[in-house]
*Asks:* 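Below is the structure I would like to discuss, written out as C-alpha cells.
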Amino acid sequence: MRKNIMIDCDPGHDDVMAILLALGNPDFFNVIGVTTVAGNQTLEKVTLNLRRLYTYLGMSTPAASGAAKPIARELVLGDLVHGESGLDGWDFPEPTFELDSTNAVTFMREKIMNCDGKVTLVPVGPLTNIGLLLATFPEVIEKIEAISIMGGSIYAGNMTPDAEFNIMVDPEAAWIVFKSGIPVIMSGLEVTHAGGITHEEIASLCAKDGRVSKMCGDLLKFYVSYHDGVGYASFPLHDVCAVMYLLKPEIFTYQDLQVEIDCNDGPTLGRTAADLREWMKYENPNTRVLLDVDREKFIEVLFEAFTNLDVMCAQ
Ligand code: BDR
Ligand code: CA
C-alpha cells in the first residue's frame, strides 16, 4: 500500500525539490494534498510559486493555502536565500492551476479524516499550519502516523547560533507539534548538511534535456549562489531530507531523543533542545533526530525522481 502523505511548505527552492521527490515516486507515495504557509516568502508569493510549479509540470495534487503569519509573532522572511519571488532562477508560466477554496487547516482536517488509512505529515516550512491544525482539530491526531519535519538542529542553528529558520519563525507552533504525542522525525541541520549537492551535480542537471531536470538545475544554481563563498563542498537541500527519509530510511542514521522547543524570548529562542545526556532514559522519546545520510545515494535517488518526472511531464 502506498504511503499517504501531506506536504506543508513555503516554496522555496528546496521545498520544490522535496515536492518533486514525492511526485516522482508515485508508486510509493500517495500525496493527498499540499498546503502553503508563509516563511521563505509571503504567503501570497509562496502560494503563487506552487501554482506556477504545478502549471509548469502539468500535474498537480489537491492544494490549499494557509497561515499568512506565525501564531504569536511577526513574520521573518527567508528571502535572502530564495530571492524576491521566493523561487528565483526559472521563468515559470503564469499559473492556471487553482487551489481549493478552503483554508489549509480545514483542508488538512478533511483530507486526513477522509483518508483510507493513516497519514504522514511532511512540514518543510514554519510549523504554523500544523500547530493550528492540531490545536483546532485534535481528532486528527489519531489518524496521523508521524510528522516528518525539516527543521531544528541539535548542535548549531542557521538563523542564530542556536536556532534553525523554520523553528525560529514560529516556535509556538513547533512547541505544539513536539508536544502532540505524534512521533516526530526531525531532519535538522546536521543531516541536511550531510545530504548536500555539489556544483558539478547541479551542472549535470542543467546539461540534461528533460524539462524537470533542467528546471531543477537552474533553480539550484540560483539557490546555492547565496552560500557561495562560505566554502561548502556541497550545499544542503534541507527539505528533501524530510521526504527522503520516508522513501529510503536505510540510507540515514539517527538517534531517538527527547526534544523541547525554546519559546523564551532571548538568545536561544527557537532552539530545538535535545537531551543528549547518555544516562537519561526516556520511555518514549518524542523525536527521531536524523544525523547523517549516504550523500551519494541521496543524490542518486533524487535525480531518479527528476528523471521520472522528465518522462511523466514531457510535453
Ligand atoms: C529551511 O529554511 C528554508 O529557507 C528552507 O526552505 C528550509 O525549509 C532551512 O533552514
Ligand atoms: Ca522550506
Side-chain angles (χ1 to χ4, degrees), residues 5-22 34-43 45-50 53 63 65-67 70 75-89 104 121-130 147-171 173-174 177 184-197 216 219-220 222-227 230 232 234-245 261 269-272 289-290 293 302:
I5 63 168
M6 170 101 75
I7 301 176
D8 184 64
C9 58
D10 55 342
H13 295 75
D14 52 333
D15 301 75
V16 165
M17 305 302 142
I19 294 170
L20 295 176
L21 176 60
V34 174
T35 49
T36 56
V37 64
N40 284 328
Q41 257 298 354
T42 62
L43 181 68
K45 287 187 182 178
V46 298
T47 305
L48 183 62
N49 291 339
L50 180 69
L53 173 72
S65 73
L75 178 62
V76 178
L77 296 176
D79 51 346
L80 282 179
V81 182
H82 301 271
E84 191 49 44
S85 71
L87 192 56
D88 284 8
L121 302 183
V122 189
V124 293
L127 288 159
T128 318
N129 287 342
I130 311 298
I147 306 184
S148 181
I149 71 161
M150 188 284 131
S153 60
I154 58 174
Y155 297 115
N158 56 7
M159 284 290 277
T160 69
D162 285 293
E164 179 279 332
F165 177 79
N166 287 340
I167 305 292
M168 173 99 185
V169 170
D170 199 338
V177 169
V184 175
I185 301 155
M186 179 176 128
S187 292
L189 297 176
E190 291 75 24
V191 74
T192 69
H193 280 261
I197 191 165
C216 290
L219 284 173
L220 289 174
F222 177 89
Y223 172 72
V224 305
S225 63
Y226 173 75
H227 298 99
V230 181
Y232 289 159
S234 65
F235 302 87
L237 295 172
H238 305 286
D239 296 347
V240 174
C241 291
V243 176
M244 186 67 84
Y245 176 75
I261 307 298
L269 174 70
R271 176 173 175 228
T272 40
V289 180
L290 306 188
V293 64
L302 182 63

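Ligands are counted one by one from 1 in listed order, and the atoms in each one are counted from 1 as well.
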*Asks:* What are the two closest heavy atoms between Ala22 and Ile5, and how far apart are they?
*Replies:* CB-CD1, 3.9 Å
*Asks:* Tell me the protein heavy atom at minimum distance from atom 3 (C) of ligand 1, and give that distance in Å.
*Replies:* Asn40 OD1, 3.0 Å
*Asks:* Would you check if there is a donor-acceptor pair between the side chains of Thr47 and Thr36 at a distance under 3.5 Å?
*Replies:* yes
*Asks:* With atoms numbered from 1 as shown, which atoms in ligand 1 lie under 4.0 angstrom from a non-hydrogen atom of Asn166?
*Replies:* 1 (C), 2 (O), 7 (C), 8 (O)
*Asks:* Out of His82, Glu164, Gln41, whose heavy atom is nearest to atom 9 (C) of ligand 1?
*Replies:* Glu164
*Asks:* Given Asp239, Thr192, Asp10, which has its nearest heavy atom closest to atom 7 (C) of ligand 1?
*Replies:* Asp239
*Asks:* Donor-acceptor pair, Asp239 side chain versus Asp15 backbone, under 3.5 Å?
*Replies:* yes
*Asks:* Within the structure, is a non-hydrogen atom of Val124 found at a distance of less than 4.0 Å from ligand 1?
*Replies:* yes
*Asks:* Parallel, tilted or perpendicular for His227 and Tyr232, by the 30°/60° rule?
*Replies:* tilted
*Asks:* With a 4.0 Å heavy-atom cut-off (strictly under), which part of Asn158 contacts ligand 1: side chain, backbone, both or neither?
*Replies:* side chain
*Asks:* Is a donor on one side and an acceptor on the other found under 3.5 Å between the side chain of Thr128 and the backbone of Ala67?
*Replies:* no
*Asks:* One residue to check: His13. Relative to ligand 1, which of side chain, backbone, both or neither has a non-hydrogen atom less than 4.0 Å away?
*Replies:* neither
*Asks:* With the Ca ion (ligand 2) as the point of reference, which N/O/S atom of Asp10 is the closest?
*Replies:* OD1
*Asks:* Which protein non-hydrogen atom lies closest to atom 6 (O) of ligand 1, naming both residue and atom, and how far is it?
*Replies:* Asp14 OD1, 2.7 Å
*Asks:* What pair of heavy atoms forms the shortest contact from Gly270 to Ile167, and how long is it?
*Replies:* O-CG2, 3.2 Å
*Asks:* Tell me whether Phe165 has at least one N, O or S atom under 3.0 Å from the Ca ion (ligand 2).
*Replies:* no
*Asks:* Starting from the Ca ion (ligand 2), look over the N/O/S atoms of Asp239 and name the nearest one.
*Replies:* OD2
*Asks:* Identify the two heavy atoms, one from Pro126 and one from Val169, that lie closest to each other, and give their separation to 0.1 Å.
*Replies:* CG-CG1, 3.7 Å
*Asks:* Would Met159 count as a contact residue for ligand 1, given that I'm defining contact as a non-hydrogen atom of the residue lying under 4.0 Å from a ligand atom?
*Replies:* no
*Asks:* Of the protein's non-hydrogen atoms, which lies at the shortest distance from atom 2 (O) of ligand 1, and what is that distance?
*Replies:* Phe165 CD2, 3.3 Å
*Asks:* With distance as the sole test, does Asp79 use its side chain to make a donor-acceptor pair with the main-chain N or O of Gln41 at under 3.5 Å?
*Replies:* no
*Asks:* For ligand 1, which atoms have a heavy atom of Met150 less than 4.0 angstrom away?
*Replies:* 1 (C), 7 (C), 8 (O), 9 (C)
*Asks:* Identify the residue among Lys45, His13, His82 that makes a side-chain hydrogen bond (donor to acceptor under 3.5 Å, both in side chains) with Asn40.
*Replies:* His82
*Asks:* Looking at the Ca ion (ligand 2), is there an N, O or S atom belonging to Asp14 that lies under 3.0 Å away from it?
*Replies:* no
*Asks:* I'd like to know if the side chain of His238 pairs up with that of Asp14 as donor and acceptor (distance under 3.5 Å, no hydrogens or angles considered).
*Replies:* no
